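Notes to accompany the following structure.
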Protein chains: 2
Amino acid sequence: MLTKNQSQINLRSDAGLATALRVSLARLTRRLRRQAAAHSLTPTQFATLAAVERHSAITPGELAELEKVQPPSMTRVIAALEERGLVSRTPHPTDRRQVTVTVTEAAQKLLKEERRLKEAWLSQRLRELTAEERSILRQAAPILEKLSRI
Amino acid sequence: MLTKNQSQINLRSDAGLATALRVSLARLTRRLRRQAAAHSLTPTQFATLAAVERHSAITPGELAELEKVQPPSMTRVIAALEERGLVSRTPHPTDRRQVTVTVTEAAQKLLKEERRLKEAWLSQRLRELTAEERSILRQAAPILEKLSRI
DNA sequence: GCCCTATAGTTAGCAAAGGTAATGACTCAT
DNA sequence: ATGAGTCATTACCTTTGCTAACTATAGGGC
């Protein structure tokens, strides 16, 4: 009985668009999370490690703001990454309250491999779309990124 | 130091698109979840209740498949909804192993109000986009829905 | 120079929501 | 009529978010 059309959501209104996006995003994220479970880093850890790689010598507070989590949540993620030798915490050069986080060499290697694995599922799904659909998603990606960043 | 450009992700490749989507989706979902915390239903409960409303007399197993969760997770969500008088479980007409779930009247009223509240944040963000950006998201929404459904 | 407030990070404890494994009730084909 | 399969549930664990409270440090006003 799963064949009924599930979305008679009115996409014209902003509220309808919001509904459609919210529901799909939640489901997709759940799906991606599950896909990632087979690999060595959780999605949160992976996203954080990638952020540390992009902004080397970043502080936990800045990372928390970037990833839109509270500082204590970021503390835990960093602790997990440090325990696995993927990031190192060093004192901030001028402010001893702060800490700077950087990726290790091991992390760079792992990131490369993880990226390949972690994206496999979604990439495969993307390949199953038509070229036009992919093109729309390409245009949508930066907008979603912008929305996620507010 | 949050001003650096965070995404030099190559959107041309499927893997790059996959990366960009994955990161943004995770962050947006986190944000939406937090936004929802002020209201009376969790996002998962809300999504499930909405699904029950759309497919009345659906079984837990079908709901689990729809929402891409395992049956035990769905059992818990349904139990929470039943405890609050929002759904009722009745025996399946022909198969006594199964159960059919339907929304109550209270739920229909609540759904309407919740929808209004829960979409407020995202709608506001959508209004801050340009008309063209919204148009792209309108085109992207069904594709994301399709991706989330595979 | 000394306090007082503000800030950065962490710790402690809680809640939401997912998962797997095992169980009980029921169905159905052999 | 029995044994395998199916549906829902229960029990338990994990991840990952949160808030509140604590510690250490910074920095300004007196």
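All values derive from a computational prediction rather than experimental measurement. Order of the sequence lines fixes the chain letters, A, B, ..., with proteins taken first and strands second; residue numbering starts at 1 for each chain.
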Distance in angstrom units between [X] [atom1] and [N] [atom2], rounded:
X       : N      : atom1 : atom2 : value
B:Gln70 : C:dA22 : CD    : P     : 15 Å
B:Phe46 : C:dA17 : CZ    : P     : 13 Å
A:Glu67 : D:dT16 : CD    : P     : 13 Å
B:Leu63 : C:dG18 : CG    : P     : 13 Å
B:Leu41 : C:dA15 : CG    : C1'   : 16 Å
B:Glu65 : D:dA8  : CD    : P     : 11 Å
A:Ile58 : C:dA8  : CD1   : P     : 13 Å
B:Gln98 : D:dT9  : CD    : C1'   : 14 Å

From CA spacing to verdict: side chain to side chain contact (heavy atoms under 4.5 Å, CB included), A:His55, A:Leu63: CA-CA 9 Å; A:His55 310 80; A:Leu63 273 174; 5.9 Å; no
Scan the side chains in residues 97-104 of chain B for donor-acceptor partners under 3.5 Å anywhere in the protein, sequence neighbours excluded, and list what turns up.
residue: B:Arg97; atom: NE; partner: B:Asp95; partner atom: OD1; Å: 3.1
residue: B:Arg97; atom: NE; partner: B:Asp95; partner atom: OD2; Å: 3.3
residue: B:Arg97; atom: NH2; partner: B:Asp95; partner atom: OD2; Å: 2.6
residue: B:Gln98; atom: NE2; partner: B:Asp95; partner atom: OD2; Å: 3.2
residue: B:Thr100; atom: OG1; partner: B:Thr90; partner atom: O; Å: 3.2
residue: B:Thr100; atom: OG1; partner: B:Thr90; partner atom: OG1; Å: 2.7
residue: B:Thr102; atom: OG1; partner: B:Ser88; partner atom: OG; Å: 3.2
residue: B:Thr104; atom: OG1; partner: B:Gly85; partner atom: O; Å: 2.8
residue: B:Thr104; atom: OG1; partner: B:Leu86; partner atom: O; Å: 3.3
residue: B:Thr104; atom: OG1; partner: B:Ala107; partner atom: N; Å: 3.2

Sequence-distant partners of B:Gln108, side-chain hydrogen bond (donor to acceptor under 3.5 Å, both in side chains), two or more places apart: none
Check: B:Pro91 main-chain N/O paired with B:Arg96 side-chain donor or acceptor under 3.5 Å: no
N/O donor-acceptor pair under 3.5 Å between A:Arg138 side chain and B:Leu17 backbone: no
Exercise: identify the closest heavy-atom pair between B:Arg134 and B:Arg127: NH1-O, 3.5 Å
Shortest non-hydrogen contact from A:Phe46 toward A:Leu111: CE1-CD2, 3.7 Å
Minimum-distance nucleotide to B:Pro71 side chain [options: C:dA8, C:dG19, D:dT9]: D:dT9
Taking C-beta and beyond as the side chain, do [X] and [Y] meet within less than 4.5 Å on heavy atoms?
X        : Y        : result
B:Ser135 : B:Gln139 : yes
B:Val69  : B:Thr48  : no
B:Leu21  : A:Leu28  : no

Under 4.0 angstrom between B:Thr44 side-chain N/O and C:dA16 OP1 or OP2: no
Any B:Thr59 side-chain nitrogen or oxygen under 4.0 Å from OP1 or OP2 of D:dA8: yes
Within residues 72-84 of chain A, residues whose heavy atoms come under 4.0 Å of DNA chain C: A:Pro72, A:Thr75, A:Arg76
Close approaches to DNA chain D from residues 85-97 of chain A, in residue order (heavy atom, under 4.0 Å): A:Thr94, A:Asp95, A:Arg96, A:Arg97
Donor-acceptor contacts, no H, no angles, side chain residues 71-83 of chain A, under 3.5 Å, sequence neighbours left out:
residue: A:Thr75; atom: OG1; partner: A:Pro71; partner atom: O; Å: 3.3
residue: A:Glu82; atom: OE1; partner: A:Arg89; partner atom: NE; Å: 3.0
residue: A:Glu82; atom: OE1; partner: A:Arg89; partner atom: NH2; Å: 2.7

Dot-bracket encoding per residue of DNA chain C, Watson-Crick/G-U cut-off under 3.5 Å, | denoting interstrand: ||||||||||||||||||||||||||||||
